[in-house]
Amino acid sequence: MIVKTALFEKSSTQVQQCPERQIPEYAFIGRSNVGKSSLINKVCNKNKLAKTSSTPGKTQLINHFLINDKWYLVDLPGYGFAKMPLAEKKKMELMINDYLLNRRNLTNIFVLIDSRHKPLEIDLNFIESLAENQLPFTIIFTKADKNKKRQLELNIKEYQELLLESWEELPPIIVTSSESGIGTSELLNDIEQYNKIFLEN
Ligand code: GTP
Ligand code: MG
């Protein structure tokens with residue numbers, strides 16, 4: 001699939017404010033600074049579509065981008081940003097959970113994980129909570145360009161092995177880089193398949 005048009009539609013503070021159109025929707029979620037906004041820009045081939053920053057906590061709202069006039073990409077705030085005041089952190093967590101649980105047209109969740117790090121409790125707990133709530137998701141490893149090839153393979157293998165300790169099978173996994181662009185066409189192909197399934201139902 002090719003992204004022909006990518007337009008910012010709106011920012012919402014709660015699920016009730018999100019766009020009304022019932023078209024397939026895909027959310028990017030993950031720890032603060034993992035590269036959600038950068039990957040959205042890369043996928044859409046539009047540098048300044050979603051706001052990015054080297055300082056964690058940049059994205060604070062539910063941001064809808066309309067792609068090809070047919071589906072939404074959603075940029076969410078990151079979780080686990082240590083420096084944010086506790087009350088604000090709680091508020092953001094509630095907003096994200098409410099969105100994930102109650103957004104009816106949410107078709108798939110892309111959980112972004114930094115490919116440089118050892119598996120982190122916070123990410124594993126988040127993945128666990130998605131499974132408990134029977135929400136469909138794909139794991140996206142980000143910043144692949146920041147690893148040597150061998151290290152990247154080792155990190156991903158370690159993650160897979162850990163997941164298989166509590167799961168019978170692995171969720172879909174895509175390795176990406178917003179620098180080199182690897183994984184973006186795979187991601188778009190995935191979305192294309194989900195779009196088809198959405199329209200059939
Ligand atoms: P929050 O909105 O704060 O939760 O962060 P985010 O997950 O949206 O991250 P963002 O896209 O703003 O990127 C954070 C930093 O990582 C920026 O400095 C990006 O340039 C950098 N970055 C993101 N993706 C990549 C990547 O694939 N490769 C490299 N080398 N840097 C990346
Ligand atoms: Mg962001």
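One-based numbering, in listed order, for ligands and for the atoms of each. Along the sequence shown, residues carry numbers from 1.
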>> Short of 2.8 Å from the Mg ion (ligand 2), name each protein N/O/S atom, waters not counted.
In response: S37 OG, T59 OG1

> For the side chain of Q22 and the backbone of E20, is there at least one donor-acceptor N/O pair under 3.5 Å apart?
Replying inline: yes

>> Using a 4.0 Å cutoff against the non-hydrogen atoms of K146, which atoms of ligand 1 qualify?
In response: 29 (C), 30 (N), 31 (N)

> Side chain, backbone, both or neither: which part of S177 has a heavy atom under 4.0 Å from ligand 1?
Replying inline: both

> What atoms of ligand 1 come within less than 4.0 Å of a heavy atom belonging to P56?
Replying inline: 3 (O)

>> Hydrophobic cluster membership, with links at side-chain heavy-atom distances under 4.5 Å among I/L/V/M/F/W/Y: are F28 and L76 in one?
In response: no

> For atom CG of L199, is the number of surrounding heavy atoms from other residues, nucleotides or ligands below 6.0 Å larger than 12?
Replying inline: yes

> Out of S178, S32, S54, whose heavy atom is nearest to atom 18 (O) of ligand 1?
Replying inline: S54

>> With side-chain hydrogen bond (donor to acceptor under 3.5 Å, both in side chains) as the test, pick out the partner of Y26 among D190, N105, N195, T138.
In response: N195

>> Please list the nearest protein heavy atom to atom 17 (C) of ligand 1 with its residue and the distance rounded to 0.1 Å.
In response: S53 O, 3.5 Å

>> Regarding E88 and K91, does a basic nitrogen lie under 4.0 Å from an acidic carboxylate oxygen?
In response: no

> In the protein, what heavy atom is nearest to atom 9 (O) of ligand 1, and what distance, to one decimal place, separates them?
Replying inline: G35 N, 3.2 Å

> Roughly how far apart are I139 CD1 and I173 CD1, rounded to 0.5 Å?
Replying inline: 5.0 Å

> If you measure from each non-hydrogen atom of S37 to ligand 1, which part falls under 4.0 Å: side chain, backbone, both or neither?
Replying inline: both

> By number and element, which atoms of ligand 1 are closer than 4.0 Å to a non-hydrogen atom of G78?
Replying inline: 4 (O)

> Looking at atom 2 (O) of ligand 1, what's its closest protein heavy atom, distance included?
Replying inline: T59 OG1, 2.8 Å

> Under 4.0 Å from any heavy atom of G57, which atoms of ligand 1 are there?
Replying inline: 3 (O)

> Which atoms of ligand 1 sit under 4.0 Å from any heavy atom of E179?
Replying inline: 27 (O), 28 (N), 29 (C), 30 (N)

>> Do the side chains of K157 and E161 get close enough for a salt bridge, i.e. N-O under 4.0 angstrom?
In response: yes

> Should the pair F110 and Y194 be assigned to parallel (<30°), tilted (30 to 60°) or perpendicular (>60°) ring geometry?
Replying inline: perpendicular

>> Evaluate L39 for polar contact with ligand 1, using N/O atom pairs at a separation under 3.5 Å.
In response: no

> Which option out of K143, K51, K36 puts a heavy atom nearest to atom 6 (P) of ligand 1?
Replying inline: K36

> Which residue and non-hydrogen atom of the protein lie closest to atom 13 (O) of ligand 1, and at what distance in Å?
Replying inline: S38 OG, 3.4 Å

> Once you round to the nearest 0.5 Å, how far does NZ of K10 lie from CG of L61?
Replying inline: 11.0 Å

>> Any side-chain to backbone donor/acceptor pair from D98 onto L94? Under 3.5 Å, distance only.
In response: no

>> Checking a contact table here: which protein heavy atom is nearest atom 28 (N) of ligand 1, and how many Å away?
In response: D145 OD1, 2.7 Å

> So Y159 and F141, would you call those rings parallel, tilted or perpendicular, with 30° and 60° as cut-offs?
Replying inline: perpendicular

> Measuring from the heavy atoms of T142, does anything fall under 4.0 Å of ligand 1?
Replying inline: no

> Any link between L164 and L130 through a network of hydrophobic side chains (Ile, Leu, Val, Met, Phe, Trp, Tyr) touching at under 4.5 Å?
Replying inline: yes

> Y72 pairs by side-chain hydrogen bond (donor to acceptor under 3.5 Å, both in side chains) with which of R103, R21, E9?
Replying inline: E9

> Knowing that exactly one of S11, S32, S37 qualifies, which makes a side-chain hydrogen bond (donor to acceptor under 3.5 Å, both in side chains) with T59?
Replying inline: S37

> Among protein heavy atoms, which lies nearest atom 14 (C) of ligand 1, and at what distance?
Replying inline: N33 OD1, 3.0 Å

